[in-house]
Amino acid sequence: MPVKQHHLLLIHGFPLDHTLWQPNMEALEHVAQVMAPDLLAFESAEAVPEVLTMEHLADQLKAQLDANGIQRTVLCGLSMGGYVALAFLERWPERVSGIILCNTRSIADTEEAKEGREATALDVLAKGSEVIARAMVPKLLSEKTRSTVPELAKTVEAMIARQRPEAIAAASRGMALRPDRTHVLRESDTPTLIITGENDALMPLATSEAMATAAPRSTLVVLPEAGHLSNMEAPDGFNSAVVDLLRTLSGA
Ligand code: MLT
């Protein structure tokens, strides 16, 4: 068995869990030691704070790396996971050997988006996770995916529905507080892969293009017909882009 040179930390989006990465695990475990934690389950049910900031989540990930003796990792964050990855890179660049930012953005929320985050928090606390799950799925998957792979919509809906409302509310409020971290990308010499879906309804292509322009050592991959969950919707293209980056890091 080849020695796995890289550690890969997969950071899921909102309000999901590690099973988001199910279509990627096998391919990526061939080339890296993979860790895929559940961000919304870090705190016990009684201890979920009112606000889960991106910095707090980055702290938790750093603690997991420390506990496992991992000195350097490749961060791979999708959407909210990308916000957390940038918060991590800002604090501990020496621990990051590469960064993969999927269907995400480096800029802060607009005032309108912040109000939407609070509305989502109040909604999930009042109505429960199932209601949020039903409302979100059409925005997360492209129309093409929903019509050709309807079972994926069910999988994603169930993934959201099983998250605790308190944790969803806290993460929604936390995302509203994140600052613009475009400067982190601009000042980083870390190899950077930016992946997005051609039909991502939540992150316009321009946000990925702007990150690719800001990061000095970047590659941009746009997956045809995929939506916001590009790793699930176009797993072959997604996996090969990640494997290519890992190979580049090894100098292969
Ligand atoms: C996510 O997928 O993590 C969210 O869409 C991120 C966001 O709402 O900004």
Side-chain angles (χ1 to χ4, degrees), residues 9-24 36-42 51-58 60-61 75-88 100-124 129 132-142 145-146 152-153 155-161 163-164 167-182 194-197 199-208 210-211 223 226-234 238:
L9 180 57
L10 300 177
I11 316 171
H12 64 74
F14 169 89
L16 305 168
D17 64 24
H18 76 281
T19 61
L20 171 73
W21 304 110
Q22 197 274 330
N24 318 105
D38 284 333
L39 275 62
L40 300 184
F42 278 148
V51 181
L52 263 176
T53 64
M54 302 303 102
E55 296 77 16
H56 178 74
L57 293 169
Q60 301 268 21
L61 293 176
L75 298 171
C76 175
L78 185 134
S79 202
M80 180 183 79
Y83 308 158
V84 176
L86 285 172
F88 189 112
I100 305 167
L101 296 167
C102 323
N103 305 82
T104 192
R105 51 164 93 81
S106 56
I107 53 175
D109 278 356
T110 60
E111 285 311 311
E112 193 187 343
K114 288 181 189 181
E115 283 165 23
R117 305 280 191 204
E118 184 55 24
T120 300
L122 294 175
D123 232 30
V124 72
S129 306
I132 295 288
R134 271 197 298 279
M136 280 194 81
V137 168
K139 298 180 201 152
L140 295 176
L141 302 174
S142 72
T145 303
R146 279 181 281 129
L152 203 55
T155 302
V156 174
E157 193 176 319
M159 201 188 309
I160 299 173
Q163 307 307 318
R164 293 170 300 178
I168 295 181
S172 188
R173 288 172 169 147
M175 287 192 289
L177 296 181
R178 74 187 197 285
D180 185 333
R181 288 201 163 94
T182 308
I194 293 166
I195 305 180
T196 197
N199 297 325
D200 186 335
L202 297 177
M203 303 283 173
L205 181 57
T207 67
S208 291
M211 290 193 294
L223 296 169
H228 189 58
L229 303 186
S230 66
N231 69 302
M232 288 191 126
E233 301 185 58
F238 185 96

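As the structure lists them, so they are numbered: ligands from 1, and atoms in each ligand from 1. On a predicted model such as this, the values are computed, not experimentally measured, just so you know.
For the pair A133 and A161, the tightest heavy-atom approach, listed with the atom from each and the gap, is CB-N, 3.9 Å. Taking every heavy atom of both residues into account, T196 and S208 meet most closely at CB-OG, 3.4 Å.
Every atom of ligand 1 is numbered from 1 in the order shown, and the set under 4.0 Å from a heavy atom of L202 is 5 (O). Atoms of ligand 1 lying under 4.0 Å from any heavy atom of G13, numbered from 1 in the order shown and given with element: 3 (O).
Taking the side chain as every heavy atom from C-beta outward, L52 and L40 approach each other to under 4.5 Å.
At a heavy-atom cutoff of 4.0 Å, ligand 1 is contacted by the side chain of R117 but not by its backbone.
For the atom pair M203 CE and T104 OG1, the distance stands at 5.0 Å (nearest 0.5 Å).
The N/O atoms of F14, backbone and side chain alike, include one that comes under 3.5 Å of an N/O atom in ligand 1.
Under the 4.0 Å criterion applied to side-chain N and carboxylate O atoms, E55 and R181 are assigned as salt-bridge partners.
At the top of the distance list for atom 6 (C) of ligand 1, counting protein heavy atoms only, stands S79 OG, 3.0 Å. Looking only at heavy atoms of the protein, atom 9 (O) of ligand 1 is closest to Y83 OH, 2.5 Å.
Ligand 1 lies less than 4.0 angstrom from a heavy atom belonging to R105.
Among H12, M175, M203, H228, the residue whose heavy atom lies closest to atom 2 (O) of ligand 1 is H228.
Remark: side-chain polar atoms of N103 are paired, donor with acceptor, to backbone N or O of H228 under 3.5 angstrom.
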